[in-house]
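For reference, positions follow the sequence shown, starting with 1.
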Amino acid sequence: MSLRTTLLLPALLLSQLSAQDGPETVIRGTKQFKKSTVITGLAGPWEITWGPDNHLWVTERTGKQISRVDPATGQRKLAATLPEVAAPGGQDGLLGMALHPDLLKNKGNDSVYVFYTYIDTSLPADPTVTDPRSPYRHLYGKIVRLSYNAADGKLTTPQTVIAGLPAGNDHVAGRLKFGPDGKLYLTLGDQGYNQLGNFCFPVLSQRLPTRQELANKDYVAYQGKSLRLNLDGSIPADNPKIEGLVSHVFTYGHRNPQGLDFGPNGTLYSAEQGPKSDDEVNILKPGRNYGWPHVVGLRDNKAYEFARWAEANPPCSQLRFSDLAIHPSVPRAPESAFKKKMENPLATLFTVPTGFNFADPRCQGIDFICWPTVAVSSIEYYAAKGAGIPGWDPVLLVTTLKRGSLYVVPLKPNGQSKSGYLFRYFQSENRFRDTALNPDGKTIYIATDPGGLAESASGGTTQTMLDKGSILAYTYTGEGTGKPEEPFVSKAVPPSEPAAAPVAAPGGVPPQFTAAQVEAGKAAYNSNCAVCHGSTLTNGTFGTPLGGDYFQRNWAGRTVRALFDKSQKTMPPAAPASLPADSYANIVAFILESNGFKPGAAPLPAGGDALNGMTMK
């Protein structure tokens, strides 16, 4: 090959790039960074941002606290505890935070805005939640403004900006940003409808609010939207008019947009989680439609079709949801069937052709780890401007949950389109949640989840996080060499439960439970567990399988007491042991029946020594 041909190849490849990228196109980053730990032991750090006091301001999702952390020493200073926050599951709680641009500038605007979920029984019950004891029955979202006192470092005097926003057990989103126009911008997810435990509920991302709903402050149609609000929660007069109505809605057609950030020219970037393929990086433009649930990524009919489970006949309630095999009674449509005007993404992570194997047998049941999506969780605009990290002028920094990595999306100088391949940095056995930037341009701070499932360093699956509930600092030290990332699919292997000795002798009796407990357990499981472990017990995207080969490998020969205790001590993840004891017994009965054990006349006790004598074999 001639030198001229060699030099032409990169230019040729780059010319063929579009908004779509396959997993094989990612390049291992070549720049060198020094990793250090700023702080550990945080209760779900969700938002981190650099403050005007040269501290990192942090929200803790399940800790219900806002703190200021000194990046040099790791000293944590508690600014506020918000007892109203409700965090019953894995995607709710204290989420986004936005600092007023005038904070600590002696202009009388020392305000901090946060978004969180809370329980409000004065508002109507969620019609999709039938269990009267479920914490999700009256779960809503709100934005609150707090006042900061620099003298004592405390946030006080919470004032509600807007309340009654949609929230649920999945896809809450909740990223909050202050715009250069002085408005608040908030992302709201689609509630995880049309999948897993919510598969019988239609996605409302395309539905827009009515005048009557706005008059009643009924915000159900705000699911799957980005919102633009005045600082008092009212609707800006210059918000886009969509189908004849001005509301808080800024954009629509979204799935789970967890990332949001502004570029210096006012461009609003978003990172949004896709289903099995096509996480998206988008530029949000007023009044535009982003296609979900009809389209993911580009409207190209690649590896996705819109299955409308709620319209199935026989009724959806009689079916079992599957990401891999759509029941023939479920209506479906290719992406090309959606004819409305929509915005294409700036980039996808990642697009694959139709026929891609989403159930590689080497994943052994934890299929979602093999999927091309990486679970994007935040986005941040970065430009070196001659003083920061060379060559990053400009880029978008995108954190991921499944991959435990930071993806770098290079942009053209105007920031309106992608320029080249994506790069992957900091691969680790973590779930990366959010980033913040040191003003020196050399250090990137990353918040990590305290638990969950992620890709292991060997390409398998792990549920043991390397840096639990931490803020990590990655400081640029120089250039290096690298090589293309290997495709991540087909390497994954399931994690194992920690070894445990059987509680009872091998001669224990089979599990005893009733059919009524199974039915009650199914309802309780769908309300509290399906969002993590999946509606079939094997198709979850946050928890390990509770059925199939994985369950047999890890639970055969062990006592029912061990399963009951494990359920009670760890579930729900944000509030273990918070359900009534009989609910745990019912859930265990449902799990047992789903794994082939037969109900009988005797009920399963809600704890006690009798469970020690029952062996799963």
Side-chain angles (χ1 to χ4, degrees), residues 26 35 37-48 58-63 87 89-96 169-175 189 192 256-259 271-274 279 349-350 363 366-380 397-408 424-436 444-474 488 491-495 531-534 540-544 570 572-574:
V26 178
K35 175 188 173 183
T37 301
V38 177
I39 188 173
T40 62
L42 298 174
W46 204 88
E47 176 90 36
I48 56 172
V58 186
T59 65
E60 295 178 63
R61 186 181 69 80
T62 58
Q91 300 200 34
D92 38 41
L94 177 55
L95 303 173
N169 64 7
D170 201 3
H171 292 187
V172 175
R175 195 66 69 181
N256 193 19
Q258 289 195 2
E272 178 173 339
Q273 294 176 7
D279 285 349
L349 292 87
F350 291 99
C363 292
I366 307 187
D367 297 322
F368 82 99
I369 290 294
C370 292
W371 294 348
T373 46
V374 296
V376 294
S377 52
S378 73
I379 195 167
E380 188 129 17
L397 306 179
V398 179
T399 54
T400 66
L401 301 176
K402 291 196 315 186
R403 297 282 171 259
S405 300
L406 180 78
Y407 285 85
V408 179
R424 182 179 183 182
Y425 282 88
F426 315 147
Q427 180 180 358
S428 63
E429 294 181 339
N430 283 307
R431 290 169 56 89
F432 285 176
R433 176 59 64 178
D434 192 26
T435 58
I444 303 168
Y445 301 97
I446 299 181
T448 67
D449 282 0
L453 287 172
E455 181 185 58
S456 74
S458 62
T461 304
T462 182
Q463 56 181 329
T464 302
M465 301 296 102
L466 179 64
D467 302 287
K468 298 179 180 180
S470 301
I471 298 177
L472 309 175
Y474 291 89
F488 58 81
K491 289 184 178 180
V493 294
V531 64
C532 292
H533 295 279
T541 57
F542 194 82
T544 52
T570 62

For the residue pair Ile39 and Leu42, establish whether any side-chain heavy-atom pair is separated by less than 4.5 Å. yes
Between the main-chain N or O of Gln258 and the side-chain N or O of Ser377, is there a donor-acceptor pair closer than 3.5 Å? no
Under 3.5 Å donor-acceptor, Glu47 side chain and Thr59 backbone: no
Smallest separation among heavy atoms of Trp46 and Leu95, with atom names: CE3-C, 3.3 Å
Between Asp449 and Arg61, does the salt bridge (Lys or Arg N to Asp or Glu O under 4.0 Å) criterion hold? Intermediate values first, please. CA-CA 10 Å; Asp449 282 0; Arg61 186 181 69 80; over 6 Å; no
If only atom types and distance count, is the side chain of Glu429 paired as donor or acceptor with the main-chain N or O of Leu466 below 3.5 Å? no
Check whether the side chains of Glu380 and Thr435 place a donor and an acceptor atom closer than 3.5 Å, and report yes or no. yes
How long is the span from the OG1 atom in Thr400 to the CG atom in Leu406, to the nearest 0.5 Å? 8.0 Å
Pairwise distance OG1(Thr62) to CG(Asp92) - rounded to 0.5 angstrom: 10.0 Å
When rounded to the nearest 0.5 angstrom, what distance separates CD1 in Ile48 from CG in Leu472? 9.0 Å
Give, for atom CD of Gln273 and atom OG1 of Thr373, the distance between the pair rounded to the nearest 0.5 Å. 8.5 Å
Arg431 side chain vs Leu453 backbone, donor-acceptor pair below 3.5 Å: yes
Main-chain N/O of Asp467 paired to Thr448 side chain as donor or acceptor, under 3.5 Å: yes
Could you state the interatomic distance from OH (Tyr445) to OG (Ser470), rounded to the nearest 0.5 Å? 15.0 Å
Any heavy-atom pair between the side chains of Arg175 and Ser378 that's under 4.5 Å? yes
Side chain to side chain contact (heavy atoms under 4.5 Å, CB included) evaluation trace for Leu401 with Arg433: CA-CA 7 Å; Leu401 301 176; Arg433 176 59 64 178; 3.8 Å; yes
Is a donor on one side and an acceptor on the other found under 3.5 Å between the side chain of Asp279 and the backbone of Gly274? yes
Supply the atom-to-atom distance Glu272 CD to Asn256 CG, rounded to the nearest 0.5 angstrom. 7.5 Å
Spell out, as yes or no, whether a donor-acceptor pair under 3.5 Å connects the side chain of Lys35 to the backbone of Phe426. no
Check: Tyr407 main-chain N/O paired with Ser405 side-chain donor or acceptor under 3.5 Å: no
